[in-house]
Amino acid sequence: MAKTDSTGSTWRYRWAHRQNERRQRAFRAADEAWRRRDDELCRLRTLAVSFHGSAQAGVGLPMELASGEVVFWTLPAAQLVEVRHTAVLPAPELTVDPDPPVLRPRRPEGVKVVDAGLAVLTNRRLVLLGGRGRRDWAYGRMTGLSHDPGAPVTLIQVLDRRRTSGLLLPTGAVADFRFTLTLAFADAIEQRAAVVAELDELIEEHAAERPQRPPVLTPAQARVSALVPGGRRTVAVGAALALVVPAMLFESNPPTRAGSERAAAATPAATDTPSPPQVAPAVQVRPTASPEPSRARPAPPRGTPQPPRGTPQPPVERRCGAPVNPFGYDFCGGQRIRRPAAGVCDWFECVPGFWSDRGWLVQCRDGSISRTGGQRDVCAGHKGLRRTVWR
């Protein structure tokens with residue numbers, strides 16, 4: 001037997017059941033996506049802390065490892081690519097991307113495949129053992145590194161080579177390769193702690209974004225608009241049309257006073273000689289009752305400056321001591337800034353070598369800003385850390 005409310009209707013229970021089912025499906029999908037990303041972040045952090053390569057992995061490779069060199073990663077299906085004309089690549093960064101983009105197995109325009117073979121990633125260099133010889137990219141001589149966001153290509157620039165070269169990999173191996181390359185480069189410059197700190201920050205931000213289970217709706221919360229197909233939107237559109245259509249009809253066909261047709265028929269036809277306009281006699285009207293008192297506001301005292309009429313009041317901007325800037329950066333709180341805007345130094349006082357650092361944006365005690373947040377030498381040479389810059 002169908003459930004009914006006090007009025008004997010069942011649509012309220014059907015509405016509550018449909019709404020709760022829809023909300024639960026959306027919550028389960030969001031929670032599953034959140035858990036997958038959380039597992040991936042935890043996996044990457046575990047690797048960043050405990051994985052340090054293996055010297056045994058180099059046994060049997062057609063290359064000789066140097067003293068203290070260990071193997072991080074190998075792939076037998078890598079292709080060597082070269083770019084004849086290219087701009088200067090950005091400097092290598094210790095950036096972790098837990099949500100890699102969807103890559104297509106294609107070769108970008110202008111990239112030429114010149115060899116193929118075994119790719120070996122160690123804590124000191126990246127090596128391709130191809131059919132035409134060996135190609136090395138030493139981390140100590142690396143000046144530029146770029147991961148293509150739409151293709152499985154990584155381009156590298158080094159000091160002792162004019163042409164830009166790199167690797168074209170299978171799409172399934174790109175994510176592990178890029179993260180392992182970041183770890184290897186961090187070991188080469190002794191900055192593995194910065195990678196772990198970035199992952200800790202990503203995990204903390206992700207934990208704050210966990211979806212909450214929606215509350216259960218009851219039949220008493222159903223509105224009458226739920227009976228109309230489309231719900232509130234249909235009711236709102238209908239109400240708007242009910243107001244707009246009569247107004248449009250009134251403007252297109254204004255009403256005519258009774259007797260105006262007869263007055264127009266009795267009016268003689270216009271002649272060539274226009275008749276002089278009639279002037280109505282002036283009539284002096286005297287008020288029979290005392291006028292109502294004026295309700296105008298009293299005038300302000302003399303000498304008080306008043307803003308001109310229509311002048312907008314400037315909004316109060318929250319900056320907490322930060323200088324005025326078009327980027328919305330302040331010292332109040334929000335999100336850390338890892339990639340500041342290009343013109344930030346036009347509004348803030350930047351430290352020397354500002355763009356060469358790899359941390360988040362902070363203010364030092366001498367008033368300058370630096371990109372050394374999260375690093376051990378934060379604001380070194382500038383009296384130490386004062387506070388974080390937020391947006």
**Message:** Assess the residue pair Leu145 and Thr154 against the criterion (side chain to side chain contact (heavy atoms under 4.5 Å, CB included)); give the C-alpha distance rounded to whole Å, side-chain angles, the decisive distance to 0.1 Å, and a yes or no.
**Reply:** CA-CA 7 Å; Leu145 177 66; Thr154 296; 3.6 Å; yes
Atom of [X], atom of [Y] and distance for their closest heavy-atom approach:
X: Tyr329; Y: Ala322; answer: O-CB, 3.9 Å
X: Ala197; Y: Gly374; answer: CB-O, 4.2 Å
X: Pro152; Y: Val174; answer: CB-CG2, 3.3 Å
X: Trp34; Y: Ala207; answer: CZ2-CA, 4.0 Å
X: Arg124; Y: Ala66; answer: NH1-CB, 3.7 Å
X: Leu89; Y: Ser146; answer: CD2-CB, 3.9 Å

**Request:** Taking only Lys NZ, Arg NE, NH1 and NH2, and the carboxylate oxygens of Asp or Glu, determine whether Arg338 and Glu201 approach each other closer than 4.0 Å.
**Result:**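 Counted as a salt bridge, because a side-chain N and a carboxylate O are separated by less than 4.0 Å.
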**Message:** Please identify which of these residues, Leu61, Val59, Val127, Leu121, meets the side chain to side chain contact (heavy atoms under 4.5 Å, CB included) condition with Val71.
**Reply:**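 That would be Leu61.
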**Item:** Qualifying residue, where the test is side chain to side chain contact (heavy atoms under 4.5 Å, CB included) with Val362 and the options are Ile337, Ile369, Leu385
**Value:**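 For Val362, the side chain to side chain contact (heavy atoms under 4.5 Å, CB included) test succeeds with only one of Ile337, Ile369, Leu385, which is Leu385.
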**Any side-chain donor near an acceptor of the partner, Arg213 and Gln24, under 3.5 Å** =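 A pair is found: one side chain offers a donor N or O, the other an acceptor, under 3.5 Å apart.
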Single-linkage hydrophobic cluster [X]~[Y], side-chain heavy atoms < 4.5 angstrom:
X: Val195; Y: Leu126; value: yes
X: Phe185; Y: Leu167; value: yes
X: Trp390; Y: Trp360; value: no
X: Val114; Y: Leu128; value: yes
X: Trp137; Y: Val70; value: yes

Under a 3.5 Å distance rule, please check whether [X] uses its side chain to pair with a backbone N or O of [Y] as donor and acceptor.
X: Thr143; Y: Gln157; answer: yes
X: Asn325; Y: Gly328; answer: yes
X: Asp357; Y: Gly359; answer: no
X: Asp136; Y: Ala138; answer: no
X: Asn123; Y: Ala188; answer: no

**Request:** Any chance you could lay out the salt bridge (Lys or Arg N to Asp or Glu O under 4.0 Å) test for Arg36 and Glu40, step after step, and finish with the verdict?
**Result:** CA-CA 6 Å; Arg36 285 197 303 267; Glu40 180 64 14; over 6 Å; no
State, with a plain yes or no, whether a side-chain heavy atom of [X] is found less than 4.5 Å away from one of [Y].
X: Pro323; Y: Trp347; value: no
X: Leu75; Y: Pro170; value: yes
X: Asp31; Y: Arg210; value: yes
X: Leu183; Y: Arg192; value: yes
X: Trp355; Y: Val344; value: yes
X: Pro352; Y: His382; value: yes
X: Tyr139; Y: Leu181; value: yes
X: Arg25; Y: Arg28; value: yes

Nearest 0.5 Å, what's the [atom1]-[atom2] distance between [X] and [Y]?
X: Arg365; Y: Arg386; atom1: CZ; atom2: CZ; value: 8.5 Å
X: Glu198; Y: Arg336; atom1: CD; atom2: CZ; value: 11.5 Å
X: Ile203; Y: Arg45; atom1: CD1; atom2: CZ; value: 6.0 Å
X: Leu94; Y: Ile189; atom1: CG; atom2: CD1; value: 4.5 Å
X: Leu199; Y: Arg43; atom1: CG; atom2: CZ; value: 10.5 Å
X: Lys112; Y: Gln79; atom1: NZ; atom2: CD; value: 13.5 Å

**Asked** Do Phe72 and Thr122 pass the side chain to side chain contact (heavy atoms under 4.5 Å, CB included) test, and can you show the C-alpha distance, the side-chain angles, and the key distance before you say yes or no?
**Response** CA-CA 5 Å; Phe72 275 38; Thr122 73; 5.7 Å; no
**Asked** Which is it for Leu361 and Phe348 under the side chain to side chain contact (heavy atoms under 4.5 Å, CB included) test, yes or no, and what are the steps along the way?
**Response** CA-CA 11 Å; Leu361 204 60; Phe348 291 81; over 6 Å; no
**Item:** Derivation and outcome, salt bridge (Lys or Arg N to Asp or Glu O under 4.0 Å), residues Arg135 and Glu82
**Value:** CA-CA 12 Å; Arg135 181 67 62 92; Glu82 287 186 350; 3.1 Å; yes
**Request:** Determine, stepwise, if the pair Asp97 / Arg178 fulfils side chain to side chain contact (heavy atoms under 4.5 Å, CB included).
**Result:** CA-CA 9 Å; Asp97 188 7; Arg178 293 181 178 180; over 6 Å; no
**Prompt:** Should we say atom NE2 of His52 is surrounded by more than 12 heavy atoms from elsewhere, each under 6.0 Å from it?
**Reply:** yes
**Message:** Quick one, Arg125 with Glu69, criterion salt bridge (Lys or Arg N to Asp or Glu O under 4.0 Å). Give me CA distance, side-chain angles, the key distance, then yes/no.
**Reply:** CA-CA 9 Å; Arg125 54 182 171 163; Glu69 187 175 11; 2.8 Å; yes
